[in-house]
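Here's the structure, in structure tokens; my notes come after.
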Amino acid sequence: MEVFNHNLENLFQQLGLPSDSEAITTFIANHHLEAGESLTSAGFWSASQKQFLEEAKLQDADWVEQIDTLDTLLRKS
């Protein structure tokens, strides 16, 4: 059985984004979600990133916890 560590760094890798802690901090500082805006409707995702996030949420995939964490982090100012 394959064990994969689903953490924020690996989520960023899945999304094709730089995944070191500095890059994640910079991404979160530069991107925000407005009240009522869903994570997947944000304009800063590419089509493939948006698709990954939507499918992971719909399938209740192992990534959901990290996607929810990212959503929360993008709502903090």
Side-chain angles (χ1 to χ4, degrees):
M1 177 175 183
E2 184 177 339
V3 177
F4 187 74
N5 186 14
H6 290 87
N7 58 31
L8 203 54
E9 292 82 10
N10 288 328
L11 176 60
F12 271 68
Q13 288 174 4
Q14 249 340 90
L15 292 167
L17 297 170
S19 59
D20 60 271
S21 60
E22 184 178 333
I24 292 172
T25 300
T26 299
F27 182 90
I28 292 167
N30 292 329
H31 298 86
H32 301 284
L33 296 174
E34 299 298 324
E37 181 180 22
S38 73
L39 179 67
T40 56
S41 68
F44 47 81
W45 301 121
S46 69
S48 61
Q49 290 168 328
K50 181 178 176 177
Q51 181 179 4
F52 170 78
L53 293 167
E54 288 173 341
E55 288 178 3
K57 290 290 278 186
L58 285 173
Q59 297 171 4
D60 198 26
D62 292 340
W63 290 110
V64 170
E65 184 177 344
Q66 295 308 316
I67 291 170
D68 289 345
T69 297
L70 179 58
D71 185 289
T72 299
L73 291 170
L74 292 172
R75 293 183 188 283
K76 295 182 178 181
S77 28

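Residues L8 and L53 fall within the same hydrophobic cluster, defined by Ile, Leu, Val, Met, Phe, Trp and Tyr side chains chained together at heavy-atom separations under 4.5 Å. Hydrophobic clustering (side-chain heavy atoms under 4.5 Å, transitive across Ile, Leu, Val, Met, Phe, Trp, Tyr) groups W63 together with I24.
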- Task: Kindly indicate, with the supporting measurements, whether the criterion side-chain hydrogen bond (donor to acceptor under 3.5 Å, both in side chains) is fulfilled by Q13 and S19.
- Result: CA-CA 6 Å; Q13 288 174 4; S19 59; 3.2 Å; yes

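With sequence neighbours left out, Q49 forms a side-chain contact (heavy atoms from CB on, under 4.5 Å) with L15, L17, W45, S46. Every residue was checked against the side-chain hydrogen bond (donor to acceptor under 3.5 Å, both in side chains) condition with E54, not counting sequence neighbours, and none meets it. With sequence neighbours left out, the ring pair (Phe, Tyr, Trp, His ring centres under 6.0 Å) criterion links F12 to F27. Considering only residues two or more places apart in sequence or on other chains, E65 meets the side-chain hydrogen bond (donor to acceptor under 3.5 Å, both in side chains) condition with none of them. Remark: T69 pairs with Q66, L73 by the side-chain contact (heavy atoms from CB on, under 4.5 Å) rule, at least two apart or across chains. In terms of the side-chain contact (heavy atoms from CB on, under 4.5 Å) criterion, residue partners of S38 (sequence neighbours excluded) are, by chain and number, T40, S41. Residues passing the salt bridge (Lys or Arg N to Asp or Glu O under 4.0 Å) test with D68 are K57, sequence neighbours excluded.
A side-chain N or O of E55 and one of Q51 form a donor-acceptor pair less than 3.5 Å apart.
Counting heavy atoms from C-beta on, the side chains of F52 and L11 come closer than 4.5 Å.
Of all heavy-atom pairs spanning K76 and H32, the tightest one is O-ND1, 3.6 Å.
Without hydrogens or angle criteria, N10 side chain to H6 main chain gives no donor-acceptor distance under 3.5 Å.
Once rounded to the nearest 0.5 Å, the distance linking NE2 of H31 with CG of L39 reads 11.5 Å.
For residues 34-53, no residue pair satisfies the salt bridge (charged side-chain N to carboxylate O under 4.0 Å, His left out) rule, not counting sequence neighbours.
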